[in-house]
Q: 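I am attaching a structure below and will ask some questions about it afterwards.
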Number of protein chains: 2
Amino acid sequence: MTLKDLAKELGLSPTTVSRALNGFPEVSEATRKRVVAAADAYGYRPNMRARSLATGRAMAIGHVLPLSSEHEMMNPVFADFVAGAGEIYAKAGYDMLISIVAEAEQARAYEEFKHKGSVDGIIVHAPRMGDPRINLITEVDIPFVVHGRASQSDVPYSWVDMNNQRAFQRATTHLLDLGHRRIALVNGLENMDFAIRRRRGFEAAHEARGVPHDDSLKFSGEMTEQFGHDTTRALLARPDAPTAIISSSMIPGIGIRRAIREAGLEMGRDVSVIIHDDDLSYLPNGGDEPLFTATRSSVRDAGRRAARMLLDIITSGDTTPRTDLLEAELILGPSTGPAPVAARMTDIS
Amino acid sequence: MTLKDLAKELGLSPTTVSRALNGFPEVSEATRKRVVAAADAYGYRPNMRARSLATGRAMAIGHVLPLSSEHEMMNPVFADFVAGAGEIYAKAGYDMLISIVAEAEQARAYEEFKHKGSVDGIIVHAPRMGDPRINLITEVDIPFVVHGRASQSDVPYSWVDMNNQRAFQRATTHLLDLGHRRIALVNGLENMDFAIRRRRGFEAAHEARGVPHDDSLKFSGEMTEQFGHDTTRALLARPDAPTAIISSSMIPGIGIRRAIREAGLEMGRDVSVIIHDDDLSYLPNGGDEPLFTATRSSVRDAGRRAARMLLDIITSGDTTPRTDLLEAELILGPSTGPAPVAARMTDIS
DNA sequence: CATGGAATCCAAACCGTTTTGAATGGGGGC
DNA sequence: GCCCCCATTCAAAACGGTTTGGATTCCATG
């Protein structure tokens with residue numbers, strides 16, 4: 001059932017039918033009702049391809065994800081971010097196009113998105129530091145919003161991001177306040193922008209308190225359970241073992257907890273742990289009570305905000321860059337406590 | 001730069017240019033070369049919407065995910081499955097359209113996919129038992145492949161699935177062979193088809209060995225760490241505590257491990273644990289050595305297979321249902337061992 | 001020297017919408 | 001009764017490709 005068929009059925013021209021269905025004022029209320037009634041009697045749905053072609057709007061948003069090689073980690077927050085964005089798109093009648101493309105081919109991917117006309121805007125995921133993609137898409141001249149930021153990017157752009165630095169500064173400060181003086185950082189890969197900001201926050205907290213930070217206590221790697229476990233085991237075997245650990249994600253946090261237990265120690269008493277909690281729906285940080293003390297910021301909510309921002313840029317046509325900085329909450333759980341006295345003593349001595 | 005512009009630039013008709021670029025035989029090799037050269041000199045990309053409209057093929061596959069309400073679990077395997085499918089689509093020049101839609105509106109969603117003409121085929125995720133969607137899409141008459149199966153569906157359809165029953169039967173049999181007689185099952189929600197099959201495998205193994213299975217040892221719920229932990233804690237507090245636990249996913253498995261440790265017991269010695277491992281890239285079951293004894297089947301690989309199957313159905317036009325049943329491997333890790341003698345004794349007595 | 005056929009190329013129709021520009025009819029003002 | 005304007009409606013031209021059904025040229029064949 002095409003528009004033409006429907007028009008013939010009603011004895012009207014395609015023009016009038018189209019206008020009736022799209023709410024234009026030049027059509028009488030009587031015929032509009034007649035058309036609408038017939039439309040859903042016949043179950044008519046406009047063909048999006050044809051409409052897109054005519055209007056120039058694709059009614060779709062593209063998400064470009066870097067294709068992770070076999071051994072690289074698939075971004076674990078992606079599913080939740082997309083779920084949040086998808087909610088917004090669905091309400092606004094937009095589709096979501098996802099393309100997974102190797103790092104080297106990203107340039108072409110954006111250009112194709114534009115020229116193929118399959119999307120009206122793009123969400124950029126997982127920016128690296130000084131990510132070249134930003135300049136690239138800016139040149140292509142298609143609306144986009146970045147989830148995260150790319151330090152050292154020279155062009156202005158729109159983004160939604162969590163205040164990574166502030167979150168980790170607060171977490172670190174909290175541990176310092178509890179008397180901890182040797183704190184380890186288990187961070188994500190430091191080619192990712194968020195990881196760099198988190199380390200900066202970690203260091204800034206030390207500096208603000210005049211406590212030196214030890215480079216040998218800072219680790220970065222793929223955020224797996226194994227990574228958390230192995231680094232913690234190594235740390236606890238050292239004579240100058242830290243009394244607290246901050247982890248960039250809950251997954252290594254679980255490995256940290258395991259290593260602490262294996263060492264015969266207790267989390268929250270012998271070693272304090274703070275994780276960052278993306279509030280992933282499939283990995284909740286406990287139920288009524290949290291499992292870990294955590295900085296929490298919902299990545300699903302970030303997805304919703306980024307989607308709203310992008311749709312607003314597209315529909316308003318106002319491309320002046322806008323930004324949305326989310327603050328993480330600091331949630332207290334059983335995984336932190338005052339620094340053990342023994343450690344504090346030896347440290348002070 | 002449109003096809004017409006390019007044609008004018010070359011002094012050729014749009015017909016010839018189109019044919020040259022699409023490899024039709026009716027164009028001389030000389031002009032083809034000239035056209036191709038000009039095309040990528042000008043950076044010409046055909047507009048997909050126009051092409052789709054003309055050819056009737058959308059060159060896109062739709063994935064429909066149930067919109068999880070705030071409290072429901074977002075399917076944790078989704079990200080990896082999609083990554084696998086995306087690889088295949090990218091190679092074949094297809095786009096991936098994802099739409100997240102509430103359970104109640106799924107019917108309309110499929111119909112719209114068809115009539116809007118935005119996709120050539122559909123992948124159906126997370127089928128429930130007797131899932132009504134299967135009949136629905138069959139009626140809509142658009143190629144589709146189901147990831148998983150829906151028991152009690154009366155119409156034949158194409159699917160890619162893991163042999164859930166066999167995997168859990170093997171895991172259970174292995175525990176029985178180790179002397180365990182009271183085995184608990186920590187399963188996913190039993191409105192999901194895979195969960196039902198896994199329970200059947202669990203029960204079949206008992207029956208094959210003539211060991212009774214106790215309904216009070218079977219649990220199903222959202223597969224969170226907390227769920228694994230809480231049920232295990234309750235189990236271990238019972239006088240007739242099980243000596244082994246099978247978990248439907250690694251995430252509750254981690255909670256199971258935590259509860260075992262909290263009870264002062266050791267996993268693999270006092271309580272054996274087998275998990276099912278979807279081989280998720282961001283939640284590997286250990287590194288060189290596994291953390292858990294596990295039934296393993298890569299969900300990313302399933303995504304690749306489903307995508308290949310669907311593309312083949314679409315391009316061949318042969319819609320006779322095809323199926324692909326993947327067998328899980330049983331991987332031995334440190335989380336299992338012979339049943340403790342004490343338990344075995346009291347059981348025998 | 002026609003004739004047929006292969007090899008190339010092109011004009012025009014088509015895909016299903018929206019949108020432009022014009023036509024039609026009815027009613028109000030004079 | 002005439003004119004103008006407004007409210008409706010429509011025919012036709014986009015949008016950017018593909019595809020159908022010829023045209024044209026060139027060469028070999030009889």
Side-chain angles (χ1 to χ4, degrees), chain A residues 1-36 38-39 42-60 93 95 111-120 315, chain B residues 1-36 38-40 42-60 93 95 111-120:
Chain A
M1 171 67 53
T2 74
L3 187 79
K4 268 175 200 154
D5 298 339
L6 188 61
K8 201 165 292 172
E9 210 72 40
L10 284 161
L12 288 171
S13 76
T15 311
T16 307
V17 175
S18 170
R19 287 190 162 144
L21 293 175
N22 291 318
F24 281 72
E26 312 94 319
V27 50
S28 78
E29 210 44 48
T31 45
R32 183 192 309 285
K33 281 211 182 99
R34 204 158 64 90
V35 169
V36 169
Y42 287 108
Y44 166 75
R45 314 257 183 228
N47 180 309
M48 281 310 282
R49 300 185 298 230
R51 173 185 291 202
S52 280
L53 185 57
T55 60
R57 277 165 299 138
M59 294 303 282
D95 284 327
E111 227 190 320
E112 278 198 356
F113 258 162
K114 164 83 173 191
H115 291 290
K116 296 203 310 187
S118 30
V119 302
D120 297 320
T315 55
Chain B
M1 172 64 55
T2 73
L3 187 83
K4 270 171 200 155
D5 297 341
L6 187 62
K8 202 165 292 172
E9 209 73 39
L10 283 162
L12 288 172
S13 76
T15 311
T16 308
V17 175
S18 169
R19 287 191 162 145
L21 293 175
N22 292 317
F24 281 71
E26 311 93 322
V27 50
S28 80
E29 209 45 47
T31 46
R32 183 194 309 286
K33 278 209 184 103
R34 204 158 63 90
V35 169
V36 170
D40 58 43
Y42 288 109
Y44 166 76
R45 313 255 184 230
N47 181 309
M48 281 310 282
R49 298 185 298 232
R51 174 187 291 204
S52 281
L53 185 57
T55 59
R57 276 165 299 138
M59 294 303 283
D95 285 327
E111 226 190 321
E112 278 198 356
F113 259 160
K114 165 82 174 192
H115 290 290
K116 296 201 313 188
S118 29
V119 303
D120 297 321

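Throughout, a chain's letter reflects where its sequence line sits, starting with A, and its residues are numbered from 1. Side-chain atoms are counted along with the backbone in the values below, which use heavy atoms only and exclude waters and symmetry mates.
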Q: In this structure, how many angstroms lie between the P atom of C/dT17 and the CG atom of A/L3, rounded?
A: 5 Å
Q: Could you tell me whether the side chain of B/N22 and the main chain of B/F24 form a donor-acceptor pair under 3.5 Å?
A: no
Q: Grab the CE-C1' distance between B/M59 and C/dC15 for me, whole Å please.
A: 17 Å
Q: Kindly indicate whether the side chain of B/R32, heavy atoms from C-beta on, has any atom under 4.5 Å from the side chain of B/L21.
A: no
Q: With nearest nucleotide decided by heavy atoms, which residue, A/E26 or B/A50, maps closer to the 5′ end of DNA chain C?
A: B/A50
Q: Base, sugar-phosphate alone, or nothing: which one does B/R49 contact when heavy atoms must sit under 4.0 Å apart?
A: nothing
Q: So A/R57, base contact, sugar-phosphate only, or nothing? Heavy-atom distance under 4.0 Å.
A: nothing
Q: Is A/K4 close to A/V17 at the side-chain level, that is, under 4.5 Å between some pair of heavy atoms?
A: no
Q: Given side chains that start at C-beta, do those of B/H115 and B/E111 come closer than 4.5 Å, heavy atoms only?
A: yes
Q: What's the closest nucleotide to the side chain of A/R19 if the choices are D/dG17, C/dC10, C/dT19?
A: C/dT19
Q: Students often get this wrong, so: under 4.0 angstrom with heavy atoms, is A/T31 touching a base, only sugar-phosphate, or nothing?
A: sugar-phosphate
Q: Would you say B/N22 places a side-chain N or O within less than 4.0 Å of OP1 or OP2 belonging to D/dT18?
A: yes
Q: Would you please confirm or rule out a distance under 4.0 Å between OP1 or OP2 of D/dG16 and any side-chain N or O of B/Y44?
A: no
Q: Go through D/dG17, C/dT17, C/dA11 for me and flag the one nearest to the B/S13 side chain.
A: C/dA11
Q: Round to the nearest Å and state the distance from A/R51 atom CZ to C/dT18 atom P.
A: 5 Å
Q: What is the distance from NZ of A/K4 to C1' of D/dC10, rounded to the nearest Å?
A: 14 Å
Q: How close or far is atom P of D/dA7 from atom CG of A/L12, stated in whole angstroms?
A: 19 Å
Q: From CG of B/L6 over to C1' of D/dG16, roughly how many Å is that when rounded to an integer?
A: 13 Å
Q: Taking all heavy atoms of A/A7 and all of A/S13, pick out the closest pair and write down the distance.
A: CB-C, 3.8 Å
Q: In this structure, how many angstroms lie between the C1' atom of D/dT18 and the CG atom of A/L53, rounded?
A: 12 Å
Q: May I ask you to say what B/S28 touches in the nucleic acid, namely base, sugar-phosphate or nothing, with a heavy-atom cut-off under 4.0 Å?
A: sugar-phosphate
Q: Under 4.0 Å from OP1 or OP2 of C/dT18: is there any side-chain N or O of A/T55 that close?
A: no
Q: Nearest whole Å is fine: how far is C/dT17 C1' from A/D5 CG?
A: 13 Å
Q: With the side chain of B/V27 defined as its heavy atoms from C-beta on, choose the nearest nucleotide among C/dT17, C/dC9, D/dG17.
A: C/dC9
Q: Looking only at N and O atoms, is any donor in the side chain of A/T15 or the base of C/dT18 less than 3.5 Å from an acceptor on the other one?
A: no
